Amino acid sequence: MLLALSSASCDKPTEQPPSPRPALVRIVEESPDLNAMILVGEVRPRFESKQGFRVNGKIIERKVDVGAFVKKGQMLARLDSADSALSATAAQADVQAAEANRDLAAAELTRYRSLFAKNFVSASALDVKVAELKSANAKLAQVQSQARISVNQTQYTQLSADRNGVVTLIHAEPGQVVAAGEMVAQIAGTDELEVLLAVPESRMDEVKLNAKVSLKLWANPQKIYSGFVREISPSAETTTRAFNLRVAIADADAAVKLGATARVRFSPRDDKQMMGILIPAAALTEHNGSKSVWVIDANNKAQPRPVVTGPFGEDGAWVTSGLQIGEKIAVAGVHTLLKDQQVKPIIEAKP
């Protein structure tokens, strides 16, 4: 029996150590803009105009809809031009009549000069004919100007876009009678885009005209755009007590949409700049009552490390001390790790 038990114990397989647990890790990098101001704003066009006819009339045709992209000079809407065409025709008739009167006055003056040279008429009679010719020329110039106005009003029955852009609002339909200057369409220029921001008065000293900034769209945070401060309002809003700021987007592309939400990061002032490391908030945990992270050492073992944290933001948490550049920290599942636990690090892909 002893021999049998001995042989059975020798045949029992030895227990294998557990395989290393996969762990998502990030390599620590320096982030020198701990105090950088980040504000959220709305993408706006730099130029936005309300288009309207220059004459009264009834709309008989509308060529565009909201959201349509238009080119400068493209027709947006058209008025009934029957009345303006009749006015132009009447004005041309007045011009022809004035030209006939002018020609008659010129011929009369020529005849009277010939008679005056032969002493058949008095000097006062000749002066009357000179005055009649001047009056006829003035009348002709007047009706010619009125004729040009009538022709222009005929052209004003077509409303054309004054810039390249997108139609953001339509305020008139065919059949509607509109007055001169009444808004028919609103066009937002797409050649120059900017972000409208509200800066708290306590941080206005961090904003300078023409200062360079970086921007990210809420819909596509992976791409970074460049810009500069184009305009700073000289007075604060009465309701919010904040100053309006306009930041021009220098390299806007088709992905930048009007009305989109954008985050603008300002460079910190030199006297306020602090060194720090930005890590995901999920990498922080509690260990022995203090904030800590799990550092993956050279042997791929998890080790808790106390850290000192700064402010928290939507990008993560700032660590002011406790970490070194180049170290690897776990960024997922940190609440299930154990000290000296063997892990298989998986480097987090950069966005």
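Computed from a prediction, not measured in an experiment: that's the story for all the values here.
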Under a plain distance cut-off of 3.5 Å, with no hydrogens placed, do [Y] and [X] share a side-chain donor-acceptor pair?
{"X": "Ser233", "Y": "Arg246", "value": "no"}
{"X": "Gln303", "Y": "Lys339", "value": "yes"}
{"X": "Ser145", "Y": "Arg148", "value": "yes"}
{"X": "Ser49", "Y": "Gln51", "value": "yes"}
{"X": "Ser84", "Y": "Gln153", "value": "no"}
{"X": "Glu237", "Y": "Asn244", "value": "yes"}

Between [X] and [Y] (side chain of the first, backbone of the second, donor and acceptor by atom type, cut-off under 3.5 Å), is there such a pair?
{"X": "Asn299", "Y": "Lys301", "answer": "no"}
{"X": "Arg305", "Y": "Gly322", "answer": "yes"}
{"X": "Glu182", "Y": "Ala179", "answer": "yes"}
{"X": "Gln146", "Y": "Val143", "answer": "no"}
{"X": "Ser290", "Y": "Pro306", "answer": "no"}

May I have the step-by-step check of side chain to side chain contact (heavy atoms under 4.5 Å, CB included) for Phe266 and Val229, ending in yes or no?
CA-CA 10 Å; Phe266 295 80; Val229 178; 4.0 Å; yes
[atom1] of [X] to [atom2] of [Y]: how many Å apart, nearest 0.5 Å?
{"X": "Leu76", "Y": "Asp65", "atom1": "CG", "atom2": "CG", "answer": "11.5 Å"}
{"X": "Thr285", "Y": "His335", "atom1": "OG1", "atom2": "NE2", "answer": "4.5 Å"}
{"X": "Gln92", "Y": "Ser150", "atom1": "CD", "atom2": "OG", "answer": "8.5 Å"}
{"X": "Glu201", "Y": "Thr240", "atom1": "CD", "atom2": "OG1", "answer": "9.5 Å"}
{"X": "Thr261", "Y": "Leu217", "atom1": "OG1", "atom2": "CG", "answer": "9.0 Å"}
{"X": "Leu258", "Y": "Leu193", "atom1": "CG", "atom2": "CG", "answer": "6.0 Å"}

Do the non-hydrogen side-chain atoms of [X] and [Y] ever get within less than 4.5 Å of each other?
{"X": "Val178", "Y": "Asn56", "result": "no"}
{"X": "Thr336", "Y": "Arg21", "result": "yes"}
{"X": "Ile249", "Y": "Val247", "result": "no"}
{"X": "Pro280", "Y": "Arg26", "result": "yes"}
{"X": "Gln158", "Y": "Glu61", "result": "no"}
{"X": "Leu169", "Y": "Val66", "result": "no"}
{"X": "Lys216", "Y": "Arg265", "result": "no"}
{"X": "Val264", "Y": "Ile38", "result": "no"}

Is it true that atom [atom1] of [X] has more than 12 heavy atoms of other residues, nucleotides or ligands lying nearer than 6.0 Å?
{"X": "Arg113", "atom1": "CZ", "answer": "no"}
{"X": "Arg54", "atom1": "CZ", "answer": "no"}
{"X": "Gln324", "atom1": "CD", "answer": "no"}

Show me the pairs that pass salt bridge (charged side-chain N to carboxylate O under 4.0 Å, His left out) and involve residues 83-106, at least two apart or across chains.
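Passing the test, one end in residues 83-106: no pairs.
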Cluster link [X] to [Y], ILVMFWY, side chain under 4.5 Å:
{"X": "Val64", "Y": "Ile60", "value": "no"}
{"X": "Leu284", "Y": "Trp294", "value": "no"}
{"X": "Leu159", "Y": "Ile170", "value": "yes"}
{"X": "Met204", "Y": "Met37", "value": "yes"}
{"X": "Ile347", "Y": "Val28", "value": "no"}

Show the nearest heavy-atom pair for residues [X] and [Y], with the distance to one decimal.
{"X": "Tyr225", "Y": "Ala255", "result": "OH-CB, 3.7 Å"}
{"X": "Lys71", "Y": "Asn164", "result": "CA-OD1, 3.3 Å"}
{"X": "Tyr156", "Y": "Phe53", "result": "O-CD2, 3.4 Å"}
{"X": "Gly57", "Y": "Leu79", "result": "C-CD2, 3.7 Å"}
{"X": "Thr157", "Y": "Asp80", "result": "CG2-O, 4.4 Å"}
{"X": "Ala172", "Y": "Ile59", "result": "CB-CD1, 3.4 Å"}

Can Arg44 and Glu194 be counted as an ion pair, charged N to O under 4.0 angstrom?
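Looking at Glu194 together with Arg44, the answer is no, because their closest N to O distance does not fall below 4.0 Å.
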Are any of the side-chain nitrogens in Asp253 or Lys223 under 4.0 Å away from the carboxylate oxygens of its partner?
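Yes, this pair counts.
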Centre of Tyr112's six-membered ring, under 6.0 Å away, within 45 degrees of the axis: is that where NZ or CZ of Lys129 sits?
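Lys129 over Tyr112 ring: yes.
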Take Val331 and Val25 through the test side chain to side chain contact (heavy atoms under 4.5 Å, CB included) and record every step on the way to the result.
CA-CA 5 Å; Val331 296; Val25 301; 5.8 Å; no
Might you work through the side chain to side chain contact (heavy atoms under 4.5 Å, CB included) test for Lys328 and Asn300, ending with a clear yes or no?
CA-CA 9 Å; Lys328 293 182 290 187; Asn300 291 335; 3.8 Å; yes
Given Val295 and Val293, is the side chain to side chain contact (heavy atoms under 4.5 Å, CB included) satisfied, shown in steps?
CA-CA 6 Å; Val295 177; Val293 297; 4.1 Å; yes
